[in-house]
Amino acid sequence: MPVLRSIRERFAAQQPLAGLSVGACLHVTAETANLVRALAAGGARIAICGANPLSTQDDVADALRDIADVYAAHAESFDDFARNINAVLDGRPRVTLDDGADLLQALHLRGLPDDFIGATEETTTGLLRLRELDPATPVLAVNEANTERVFNDHYGTGQSTLDGILRATNLLLAGKTVVVIGYGFTGKGVAVRARGDGANVVICEVDPQRALEARMEGFEVLPALAAASRGDVFITVTGVPQVLGRAHFERMKDGAVLANAGHFDVELDLPALRLLASERHAVLPLVDEYVLADGRRLHLLASGRVVNLAAGQGHPAEIMDISFALQALAVEHLALHGAALPPGVQPVPQAIDDEVARLKLASLGVEIDSLTDSQLRYLSRFE
């Protein structure tokens, strides 16, 4: 993770986070450990809990205890998850980092302390929750930074979602019909990679412009109910509850695979699936088979949780290098300028987005052109 390493080295020299208390609710993985190391190098005191009970790597959690207060364990219960969030908040963080908005929502229920500075959010789902919450503190929308959308959503989740599905099932995608529910940045990445593996890809969308874009890219576009009888593998990437429910399950073919790549396990209507099933049993460690009354079998991956983390290893380190570089620089920005920022969800400053891209290019040994003074003067006439 060379981009984050360069930031950590600068943080160690400049100490921009000296004495800052930081609370984080993130996936406790080896990549996250590098973010924690960078923040600690900058002088921050960190407490962290897991954003998903199946994504925590216990060896990483143990290794981080030398530099942070860690409240996370693999496969922890929901009650443990809630207790761990409260344990992080008991440390009175002045800045929070979220992957799903759980930490900041819980902090709002407690009441924001007077010395709280601001927060960051990593996911689309978390930003939806926070915009509904209308937080009384600045929240930097890391997920909406351009480098994040391109690297994390398109390339990262696109690849790691299929990786998780294949690890769990050992399916051959070539020749199968993969139905992708949602054609945002993540859905586009999933669709392109599924097509690259030889699958026939069907897109389901509610946004007419995204649906049109999918059609122009050569994908078949159908309503979800029409696609339900066609798909061999279904992948939800919407951030919206119950996009596949009873009516869809009743139309699916025998052996269909259900996977969720959204942040929470609500995109598949699991209560409806359980009601439809006459029996349920595990056929592989991460594959539950639901046998319907008519004998058809539907296969749910990773209990409906985010499949790239619960059944795979998540994003490659090169992807998280970008995401966590944005997080580190966003925390620095809040530490230096948070008091002057208005409350509410707002974009990551363009200068941070550009700096991460510049550092990534440098790590790849790539040089680019720059505008001349006369070109800058010409462009300034139109600003």
Side-chain angles (χ1 to χ4, degrees), residues 1-18 20 22 24 26-44 46 48 51 55 57 60 63-64 67-68 95-99 118-124 126 140-160 163 185-186 189 308-309 312-337 347-370:
M1 301 177 75
V3 176
L4 194 57
R5 182 177 64 242
S6 67
I7 292 171
R8 184 178 74 240
E9 291 169 351
R10 177 174 68 79
F11 277 11
Q14 298 178 357
Q15 293 291 290
L17 311 179
L20 182 68
V22 175
L26 302 170
H27 300 292
V28 183
T29 64
E31 293 79 16
T32 304
N34 276 322
L35 172 61
V36 173
R37 290 177 65 202
L39 298 177
I46 304 141
I48 183 170
S55 64
Q57 297 170 355
V60 172
L64 280 176
I67 59 172
V95 171
T96 59
L97 288 73
D98 254 316
D99 193 303
T120 70
E121 173 54 51
E122 177 83 13
T123 66
T124 300
L140 296 183
V142 170
N143 184 72
E144 294 177 353
N146 191 55
T147 45
E148 170 80 359
R149 282 175 160 169
V150 170
F151 277 84
N152 188 303
D153 293 350
H154 186 89
Y155 294 111
T157 308
Q159 174 176 304
S160 61
D163 175 60
F185 283 93
T186 300
N308 62 324
L309 282 161
Q313 291 186 317
H315 297 333
E318 296 95 325
I319 296 295
M320 297 314 301
D321 193 20
I322 297 295
S323 294
F324 287 157
L326 285 165
Q327 287 276 19
L329 294 181
V331 171
E332 180 187 34
H333 184 74
L334 288 170
L336 297 176
H337 308 292
V348 171
Q350 186 64 45
I352 291 178
D353 216 354
D354 290 344
E355 174 68 1
V356 170
R358 185 189 67 78
L359 290 172
K360 182 61 178 178
L361 287 171
S363 75
L364 296 171
V366 176
E367 297 181 359
I368 61 173
D369 293 316
S370 56

Close side-chain approach of [X] to [Y], heavy-atom, < 4.5 Å:
X    : Y    : result
L35  : L97  : yes
L329 : E355 : yes
T147 : N152 : no
L140 : P347 : no
L20  : V331 : yes
T120 : T96  : no
H315 : T157 : yes
V60  : T29  : no

In Å, rounded to the nearest 0.5 Å, how long is the span from [atom1] of [X] to [atom2] of [Y]?
X    : Y    : atom1 : atom2 : answer
H154 : F185 : NE2   : CZ    : 9.5 Å
S363 : M1   : OG    : CE    : 11.5 Å
I7   : F324 : CD1   : CZ    : 12.0 Å
S6   : K360 : OG    : NZ    : 10.5 Å

Donor-acceptor contact below 3.5 Å, side chain Q15 vs main chain A41: yes
Under the 3.5 angstrom rule, does the side chain of D321 hit a backbone N or O of V3 as a donor-acceptor pair? yes
Minimum heavy-atom distance [X]-[Y], with the two atoms named:
X    : Y    : value
G118 : L334 : C-CD1, 3.8 Å
A317 : E31  : CA-CG, 3.9 Å
F11  : A328 : CZ-O, 3.7 Å
A68  : V36  : CB-CG1, 4.0 Å
A335 : P16  : CB-O, 4.2 Å
F151 : I319 : O-CD1, 3.3 Å

A quick test of your reading: do over 12 heavy atoms of other residues, nucleotides or ligands sit less than 6.0 Å from CD of Q350? yes
Q159 atom CD: more than 12 heavy-atom contacts under 6.0 Å: no
side-chain contact (heavy atoms from CB on, under 4.5 Å) between R8 and R37: does it pass, once the steps are laid out? CA-CA 7 Å; R8 184 178 74 240; R37 290 177 65 202; 3.9 Å; yes
Yes or no on side-chain contact (heavy atoms from CB on, under 4.5 Å) for N143 and D153, after CA distance, side-chain angles and deciding distance? CA-CA 8 Å; N143 184 72; D153 293 350; 3.6 Å; yes
Check each of D98, V142, D99 against T123 using the side-chain contact (heavy atoms from CB on, under 4.5 Å) test, and report the only one that passes. D99
Per side-chain contact (heavy atoms from CB on, under 4.5 Å), Q327 is matched among E122, M320, E148, E121 by E122
Quick one: do I67 and L64 satisfy side-chain contact (heavy atoms from CB on, under 4.5 Å)? Show the steps, please. CA-CA 6 Å; I67 59 172; L64 280 176; 4.1 Å; yes
Any chance you could lay out the side chain to side chain donor-acceptor pair (under 3.5 Å) test for H27 and T32, step after step, and finish with the verdict? CA-CA 7 Å; H27 300 292; T32 304; over 6 Å; no
Using side-chain contact (heavy atoms from CB on, under 4.5 Å), reason through N308 and D163 one step at a time and then give a plain yes or no. CA-CA 7 Å; N308 62 324; D163 175 60; over 6 Å; no
Between E332 and R10, does at least one N-O distance fall below 4.0 Å, as a salt bridge requires? yes
